[in-house]
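Please read the structure below before turning to the comments.
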Amino acid sequence: MKNLKIAIQKSGRLNEKSVQLLKNCGLDFENYKSSLITTASNFNLEILFLRDDDIPGYVEQGIADLGIVGENVIDETQAQVNYLQRLGFGKCSLKIAIPRDSSIRELKDLNGKSIATSYPVILQSFLDEHDINADIQIISGSVEIAPGLGLSDAICDIVSTGGTLKSNGLKAFADVRKSEAILIGRDGLEDNQTVAELLQRIQSVLRAKETKYVVLNVERVNLPKITELLHGVKSPTVVPLAEEGWVAVHTVISEEDFWGKINVLKSAGAQGIVVMPIEKIIL
Ligand code: PRT
Ligand code: ZN
């Protein structure tokens with residue numbers, strides 16, 4: 001059977017987490033920085049290392065079956081690909097930013113102004129949606145220096161911490177779109193067993209990341225209060241301790257309400273709380 005091919009970023013912000021995700025799925029492969037293609041030794045998969053901008057096109061054309069890339073790149077290239085799974089990393093926002101001392105106050109003030117960006121397609125559709133007529137200056141990198149050089153009145157670029165805007169005397173002005181890394185697939189993969197298997201592994205890794213395994217000790221008299229607090233989890237495992245009248249409770253808690261729950265559990269008598277990462281959750 002022909003190997004499935006997945007395209008991931010060769011180097012850059014998504015590379016490490018894409019490689020890590022595949023490794024966490026149990027795939028064994030060499031990750032030489034110099035090679036463009038590698039084969040998993042224990043799964044029917046080849047990994048292609050590409051520039052992120054090329055990934056949607058490769059998948060659209062079927063050169064790769066799957067790809068991991070930011071939504072911003074998929075939208076900008078307008079490639080016809082299928083979203084298979086949001087991956088929860090590479091989170092960022094595409095924003096319009098202006099110089100701190102700019103007189104631009106509202107979106108309509110952008111009319112007649114120039115905006116520098118590497119994302120002309122996404123920006124144009126945002127401007128059309130808001131009925132704004134602005135001049136788009138296409139720049140391939142270091143967009144944030146454009147206003148300072150007198151090249152544009154505003155920029156449209158990716159922001160994550162906001163540090164780059166700040167250090168260039170800019171401030172965020174409007175949100176254009178949010179983005180995160182996505183697993184994409186070409187058409188015609190619906191009945192592909194290898195894709196289904198990989199997707200199942202990816203989902204079990206993602207689920208595990210959202211939850212923690214918790215073990216805590218509690219006096220048996222306080223057990224009902226604790227199990228009530230842990231409702232939502234299918235009956236926790238309760239193990240007697242060597243010390244008379246005490247038990248250990250084992251359970252799984254979602255990362256989201258983790259700290260809130262831990263504090264309530266403590267006040268209900270939980271002691272010696274141990275929190276552990278989970279590698280995979282298979283449903
Ligand atoms: O070489 P190749 O073409 O593959 O990579 P690239 O240089 O085009 O992309 P890369 O590696 O910079 O980013 C890959 C993807 O990561 C992007 O397409 C986004 O989906 C996502 N991502 C997440 C980011 C950021 N966060 C990010 N902060 N992409 C870029 N940035 C840049 C931004 O352009 C700006 O220069 O970081 C700067 C802003 O960061 P803050 O933290 O100062 O706000
Ligand atoms: Zn790129």
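Counting convention: from 1, in listed order, for ligands and their atoms alike.
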Check: [Y] and [X] side chains under 4.5 Å, non-hydrogen atoms:
| X | Y | answer |
| --- | --- | --- |
| Ile122 | Leu94 | yes |
| Val218 | Gln271 | no |
| Ser204 | Ile282 | yes |
| Ile182 | Ile68 | no |
| Leu127 | Ile115 | yes |
| Tyr58 | Lys5 | no |
| Val19 | Phe29 | yes |

Evaluating non-hydrogen atoms only, which member of [options] is closest to [atom]?
| atom | options | answer |
| --- | --- | --- |
| atom 24 (C) of ligand 1 | Arg13, Glu71, Arg51 | Arg13 |
| atom 19 (C) of ligand 1 | Asn168, Asn72, Leu165 | Asn72 |
| atom 9 (O) of ligand 1 | Thr164, Asp52, Asp53, Ile155 | Asp52 |

Do me a favour and list the nearest non-hydrogen protein atom to [atom] with residue, atom name and distance?
| atom | value |
| --- | --- |
| atom 7 (O) of ligand 1 | Gln9 NE2, 4.9 Å |
| atom 42 (O) of ligand 1 | Thr161 OG1, 2.6 Å |
| atom 33 (C) of ligand 1 | Ile158 O, 3.3 Å |
| atom 26 (N) of ligand 1 | Cys92 CB, 3.6 Å |

* Asked: Could you give the distance from NZ (Lys212) to CD1 (Ile278), rounded to the nearest 0.5 Å?
  ->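 Lys212 NZ to Ile278 CD1: 7.5 Å, rounded to 0.5 Å.
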* Would you kindly say whether Asp135 and Gln137 are connected by a side-chain donor-acceptor distance under 3.5 Å? =>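 A donor-acceptor contact under 3.5 Å links the two side chains.
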Could you tell me which atoms of ligand 1, counted from 1 in the order shown, lie closer than 4.0 angstrom to a heavy atom of [X]?
| X | answer |
| --- | --- |
| Gly12 | 11 (O) |
| Gly163 | 43 (O), 44 (O) |
| Leu14 | 15 (C), 16 (O) |
| Gly70 | 20 (O) |
| Val159 | 44 (O) |

* Asked: Heavy-atom contacts under 4.0 Å between Ser160 and ligand 1: side chain, backbone, both, or neither?
  ->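 It is both backbone and side chain that touch ligand 1.
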* To do: Could you tell me whether Asp157 approaches ligand 1 through its side chain, its backbone, both or neither, with non-hydrogen atoms closer than 4.0 Å?
  =>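 Within the 4.0 Å criterion, Asp157 contacts ligand 1 through side-chain atoms alone.
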* Val73-ligand 1 polar pair, N/O distance under 3.5 Å ->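 Min N/O separation from ligand 1 is not below 3.5 Å for Val73.
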* **side-chain hydrogen bond (donor to acceptor under 3.5 Å, both in side chains) contacts touching residues 174-187 (sequence neighbours left out)** =>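 Of all non-adjacent pairs touching residues 174-187, those that pass side-chain hydrogen bond (donor to acceptor under 3.5 Å, both in side chains) are Asp65-Arg186, Glu71-Arg177, Asn72-Ser179, Asp75-Arg177, Asn82-Asp187, Arg86-Glu180, Lys95-Asp175.
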* **Sub-4.0 Å protein heavy atom next to atom 4 (O) of ligand 1** =>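 Given the 4.0 Å limit, the answer for atom 4 (O) of ligand 1 is yes, a protein heavy atom qualifies.
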* **Contacts of Lys171 that satisfy side-chain contact (heavy atoms from CB on, under 4.5 Å) - sequence neighbours left out** =>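 Lys171 satisfies side-chain contact (heavy atoms from CB on, under 4.5 Å) with Ile98, Arg100 once adjacent residues are dropped.
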* Tell me, please, which residues at least two apart from Ser11 pass side-chain contact (heavy atoms from CB on, under 4.5 Å). =>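 For Ser11 there are no side-chain contact (heavy atoms from CB on, under 4.5 Å) partners, ignoring immediate neighbours.
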* At a 4.0 Å cut-off, with the gap strictly under it, does some heavy atom of Glu144 reach an atom of ligand 1? ->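 Yes.
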* Under 2.8 Å from the Zn ion (ligand 2), the protein N, O or S atoms, given as residue and atom ->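 Listed by chain and number, the nearby protein N, O or S atoms are Asp52 OD1, Asp53 OD1.
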* Tell me whether Leu87 is reachable from Ile55 by hopping between hydrophobic residues (I, L, V, M, F, W, Y) whose side-chain heavy atoms are closer than 4.5 Å. =>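 Ile55 and Leu87: separate clusters.
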* Asked: Can you name the one residue among Asp153, Ile132, Asn133 that meets side chain to side chain contact (heavy atoms under 4.5 Å, CB included) with Lys113?
  ->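 Answer to the side chain to side chain contact (heavy atoms under 4.5 Å, CB included) test with Lys113 among Asp153, Ile132, Asn133: Asp153.
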